[in-house]
Amino acid sequence: MQTPAQQVSQLAQQNSISTLVARVRARSAGTPMPFTSQGPVENSESGRGYTLGREYPTMGHGDMFSGIVTPVALSLTFCIMVGKTLAK
């Protein structure tokens, strides 16, 4: 562990005017800034990014109505029709 005197001298070296000038010159020369926010990472093969509801191929037109509501409604209608014809 460093002694307080060593810590103070290290802090003074890091915050000196010459260090500041050296950093400004390095940034103007094109050196990237450390710890800055980078652009978002894109892990998509298509390059389009991700969209909600488009992860998996769906039947029909790809919307909620033709992909979910129609099959459920048709199966319920079929069950009701069979139940009504068996009840007679």
Side-chain angles (χ1 to χ4, degrees):
M1 189 167 163
Q2 294 178 339
T3 64
Q6 290 173 340
Q7 291 176 349
V8 169
S9 65
Q10 183 181 9
L11 181 65
Q13 288 174 354
Q14 289 176 349
N15 294 335
S16 68
I17 299 295
S18 61
T19 305
L20 178 69
V21 171
R23 286 183 186 161
V24 168
R25 292 186 68 201
R27 300 298 178 258
S28 65
T31 305
M33 295 223 11
F35 307 115
T36 58
S37 64
Q38 304 294 322
V41 176
E42 191 168 319
N43 295 326
S44 172
E45 292 91 18
S46 66
R48 294 184 306 130
Y50 292 105
T51 56
L52 293 174
R54 304 286 182 203
E55 292 90 9
Y56 303 104
T58 58
M59 63 179 240
H61 300 289
D63 59 350
M64 184 179 74
F65 185 78
S66 65
I68 297 172
V69 175
T70 303
V72 171
L74 290 176
S75 62
L76 285 175
T77 304
F78 176 75
C79 290
I80 291 171
M81 297 301 286
V82 168
K84 287 192 179 227
T85 56
L86 291 177
K88 289 183 182 183

| field | Spatial distance of atom OG (Ser18) from atom CZ (Arg23) [nearest 0.5 Å] | value |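 The CZ atom of Arg23 is 10.0 Å from OG of Ser18, to the nearest 0.5 Å.
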
| task | Please identify each residue that fulfils side-chain contact (heavy atoms from CB on, under 4.5 Å) with Val24, with sequence neighbours left out. | result |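 Expected list: none.
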
| Partners meeting side-chain contact (heavy atoms from CB on, under 4.5 Å) with Val72 (sequence neighbours left out) |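 Partners of Val72 by the side-chain contact (heavy atoms from CB on, under 4.5 Å) criterion, ordered by chain and then number, come out as Leu76.
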
| query | Got a sec, which hydrophobics cluster with Ile17, joining ILVMFWY side chains under 4.5 Å apart, including via others? | reply |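 Members alongside Ile17: Val21.
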
| request: Kindly give the cluster partners of Val82, where membership spreads through any ILVMFWY side chain lying under 4.5 Å from a current member. | output: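 In the cluster with Val82 are Phe78, Leu86.
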
| request: List for me each residue that meets side chain to side chain donor-acceptor pair (under 3.5 Å) alongside Thr77, sequence neighbours excluded, and say none if there are none. | output: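 By the side chain to side chain donor-acceptor pair (under 3.5 Å) rule, Thr77 matches no residue at all.
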
